[in-house]
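This chain uses plain numbering: 1 for the first residue, then up along the sequence. Indexing begins at 1, ligand by ligand and atom by atom, following the structure's order.
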Amino acid sequence: MNKKIMILNGSPRKAGNTTALTAAFTKGAQAAGNSVTEFFLDNLHINGCKGCFGGGKNPESPCVQKDDMDQIYPVYKAADIVVLATPLYYWTISGQLKSAFDRLFAVAECDPHYRNPKKQSILIMAAEGSGFEESEYWYDRLQKHLGWKSLGKILCGGVMAVGDIKGKPELQQAYQLGESIH
Ligand SMILES: Cc1cc2nc3c(=O)[nH]c(=O)nc-3n(C[C@H](O)[C@H](O)[C@H](O)COP(=O)(O)O)c2cc1C
């Protein structure tokens, strides 16, 4: 059965290295018959979570804050697979991705026990160096907490400027990971 895939892309550089990886992944995933919706979070207006614990009352628009997260919520709910894509910023994910992900808590608030919808997921990252350990730790902890299943990680180090990723084997790995989804 073909899968519905949602990509949360936290890179502000639309022609950058993270997006080159998500583009290769998307090409592979679509070639295998899956549908992909990618959100370029930097183009959207998404506030940080207020920590009010007041969400979850309206499943169609579960957060008390009304902003562009309302575009993401329905796609998230329908998605089989959630791809978290981000450049490495100071040994962690970008603020754009963190803000959006925190706001998905409002979906869990729709459940009386804060249960999260069950998903599969993928981590895609680009960095100048290769210090992905802290982000992997965060991602692994997140998967465990949410009860999600990780399908893989594509971590591409050694890329700083736009275009540095050209010819890197991680592009092919991203394509193959996408293509492996059925
Ligand atoms: C604010 C900021 C923080 C960064 N922090 C790190 C870092 O901790 N480690 C690293 O290897 N690269 C770091 N970088 C470099 C980016 O991860 C790298 O340029 C990456 O290729 C950017 O991805 P993009 O092309 O998708 O924007 C940082 C870049 C910026 C702008």
Extract all donor-acceptor atom pairs below 3.5 Å that involve side chains of residues 145-159 and protein atoms in other chains or at least two apart in sequence.
| residue | atom | partner | partner atom | Å |
| --- | --- | --- | --- | --- |
| Trp148 | NE1 | Pro117 | O | 2.9 |
| Ser150 | OG | Tyr139 | OH | 2.8 |
| Ser150 | OG | Gly152 | N | 3.3 |
| Lys153 | NZ | Glu136 | OE1 | 3.0 |
| Lys153 | NZ | Asp140 | OD1 | 3.0 |
| Lys153 | NZ | Asp140 | OD2 | 3.3 |

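The distance from atom CD of Gln30 to atom CZ of Phe25, rounded to the nearest 0.5 Å, is 10.0 Å. Here OG1 of Thr86 is found 6.0 Å from CD1 of Ile93. Values are rounded to the nearest 0.5 Å.
Side-chain heavy atoms closer than 4.5 Å link hydrophobic residues (I, L, V, M, F, W, Y) into clusters, and following such links, possibly through other members, connects Ile122 to Ile165.
Side-chain N or O atoms of Asp67 include one that pairs as donor or acceptor with a backbone N or O of Asn47 at under 3.5 Å. Remark: the backbone N or O of Leu41 is not paired with any side-chain donor or acceptor of Gln96 at under 3.5 angstrom.
For a heavy-atom separation below 4.0 Å, the residues in contact with ligand 1 are Ser11, Arg13, Gly16, Asn17, Thr18, Pro87, Leu88, Tyr89, Tyr90, Trp91, Ala126, Ala127, Glu128, Gly129, Val159, Met160.
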